[in-house]
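Taking it in order: structure first as structure tokens, then the write-up.
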Amino acid sequence: MDKFTYQSPTKIHFGEGQIAEIANDIPKDKKILVVYGGGSIKTNGVYEQVTAALMGFNWDEFAGVEANPQYDTLMKAVAKVKAEGFDFLLAVGGGSVVDGTKFIAAAACYEGADPWEILHDQAPVIAALPIGCVLTLPATGSETNGGSVVSRGKDKLFFGSPLVKPTFAILDPQTTLSLSPRQVSNGVVDAFVHTMEQYLTFPVNAKVQDRFAEGLLLTLIEEGPKALATPDDIAVRANIMWSATQALNGLIGMGVPQDWTTHMIGHELTGNYGIDHARTLSIVLPAVMQVCRKEKQAKLLQYAERVFGITTGTTDERIDAAIARTIAFFKEMDVPTSLADVELGRADIDVLIASLEKHGMTALGEHEKLTIADSRKILETAL
């Protein structure tokens, strides 16, 4: 296990009724911009709770952040922030709203020529407005980390900075009961793959991180299908919500190698074809497991035994069984597991490979040795 420094500045309020805590965590002298998406918060009671908590505060709102937050939309919010002097941002929604708000926070303070440089050129973030968030869709873990993904046309790009970590996050499982089955499935799968990309590499004797990750995987496998079968079960939603946060708050990734190949290839599927983020991950991950089975052999066998109880058979048989069980779980969550499932074929692979090259994704994997040819093989395996 490598040396590391871990700090999580985000205060978490978990449980029903916790939205009221907003009033205690934002200084009274702040001018607040509430950022949200398509307006579902106005039909599920969340908006009403937020406005009640903000009574007596100076605040306004910005709506319309997309499921894949678009740069042009976010820049409209940046213009509003600058013109009207907002100095605190409150994201209310899922991971996309939180990601978008992080970019607004950084872009509003950016002194370079164009805030697009934060994404395109990885220009450093040296200042950002403070952020709080009310999470309504557990999936990305964005509520407690410093990462953000923003789209501009077909470009879907990442930036990260500790300066955009939310100062507090409200996690009320009650807010998730109005989610559609598709949103529930996407959230569970996103959290599952986040965990896998920090776990499924090679052993470094990081027993705490490994067993924590395995616990999250087991919980998501157990609770995910229940959330679809019994959508009103608040206890199930609570376990999923907490799992999604823990999957990407940085803890299980401390001191261990990570492999974000699935995400990088998945971003190109979303950027070029508009496929839901989580559904790109369920397509790509099994193919990554298959193509990289030699490099990941030790952890694949550990995953097979500890998560699925697979202990008999040859090495190849156990790995095959683990991949098959992963695919079966994804199918149980009603997400696609091949390019054919989303009506894409061999001709589309050239488009995806060109996008990977354009975005500099030419050395992926935990060893940064996966070439464009390897990415092509992964996509061909996913057919």
Side-chain angles (χ1 to χ4, degrees), residues 1-4 6 141 188-222 224 243 246-266 280-331 337-338 361-382:
M1 178 166 46
D2 293 334
K3 62 183 179 181
F4 62 85
Y6 179 73
V188 170
V189 169
D190 199 7
F192 184 92
V193 178
H194 284 160
T195 305
M196 288 290 279
E197 288 181 306
Q198 297 166 89
Y199 169 78
L200 195 66
T201 55
F202 56 89
V204 291
N205 197 29
K207 294 184 177 181
V208 173
Q209 293 92 318
D210 275 2
R211 293 197 182 277
F212 195 173
E214 289 154 3
L216 294 173
L217 295 171
L218 285 164
T219 299
L220 291 165
I221 290 169
E222 182 177 313
S243 295
Q246 296 299 315
L248 202 56
N249 66 0
L251 185 58
I252 64 171
M254 289 294 103
V256 302
Q258 301 181 27
D259 174 16
W260 293 91
T261 300
T262 298
H263 260 70
M264 297 306 101
I265 296 175
T280 71
L281 305 181
S282 60
I283 291 168
V284 177
L285 177 64
V288 170
M289 296 168 76
Q290 187 68 257
V291 170
C292 301
R293 60 191 291 149
K294 182 178 180 181
E295 296 84 350
K296 298 179 183 292
Q297 177 178 299
K299 290 302 283 285
L300 276 166
L301 292 173
Q302 181 177 311
Y303 169 68
E305 178 178 351
R306 294 186 182 179
V307 176
F308 293 116
I310 301 167
T311 57
T312 59
T314 66
T315 294
D316 281 338
E317 287 171 343
R318 282 179 281 159
I319 291 174
D320 285 341
I323 296 172
R325 291 286 292 274
T326 305
I327 292 172
F329 167 62
F330 288 160
K331 288 184 180 295
T337 56
S338 70
M361 299 299 161
T362 57
L364 302 177
E366 56 266 48
H367 300 292
E368 297 186 350
K369 291 182 178 180
L370 290 182
T371 65
I372 282 293
D374 294 317
S375 291
R376 182 179 290 277
K377 187 175 182 181
I378 288 167
L379 287 163
E380 289 172 345
T381 302

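Given the structure is predicted, the values throughout are model-derived calculations rather than measurements.
- Contact record, Val204 with Gly255: CG2-O, 4.0 Å, taken as the closest heavy-atom pair.
- In terms of heavy-atom proximity, Leu300 sits nearest to Ala322 at O-CB, 4.5 Å.
- With 3.5 Å as the limit, one finds no donor-acceptor pair spanning the side chains of His367 and Glu295.
- Look at Arg318 and Glu305 and you find no salt bridge, because none of the NZ, NE, NH1 or NH2 atoms lies under 4.0 Å from a carboxylate O.
- Phe329 and Ile221 make their closest contact through CE1-CA, 3.5 Å (heavy atoms, listed as atom of the first residue, atom of the second, distance).
- The residues Lys369 and Asp374 are annotated as not salt-bridged, no charged nitrogen and carboxylate oxygen being separated by less than 4.0 angstrom.
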Table please: side-chain donor-acceptor pairs of residues 282-291 below 3.5 Å, with sequence neighbours left out.
{"from": "Ser282", "atom 1": "OG", "to": "Arg279", "atom 2": "O", "distance (Å)": "3.1"}
{"from": "Ser282", "atom 1": "OG", "to": "Pro336", "atom 2": "O", "distance (Å)": "2.5"}
{"from": "Gln290", "atom 1": "OE1", "to": "Arg293", "atom 2": "NH1", "distance (Å)": "2.5"}

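- The side chain to side chain donor-acceptor pair (under 3.5 Å) check on Arg306 picks up Glu214, with sequence neighbours excluded.
- Here the closest heavy-atom approach between residue Ile265 and residue Ser375 is recorded as CD1-OG, 4.1 Å.
- Considering all non-hydrogen atoms of both residues, Gln198 and His194 come closest at NE2-O, 2.9 Å.
- Side chains of Thr314 and Asp316: a donor-acceptor N/O pair is absent below 3.5 angstrom, by distance only.
- The heavy-atom pair separating Ile319 from Gln297 by the smallest distance is CD1-CG, 4.1 Å.
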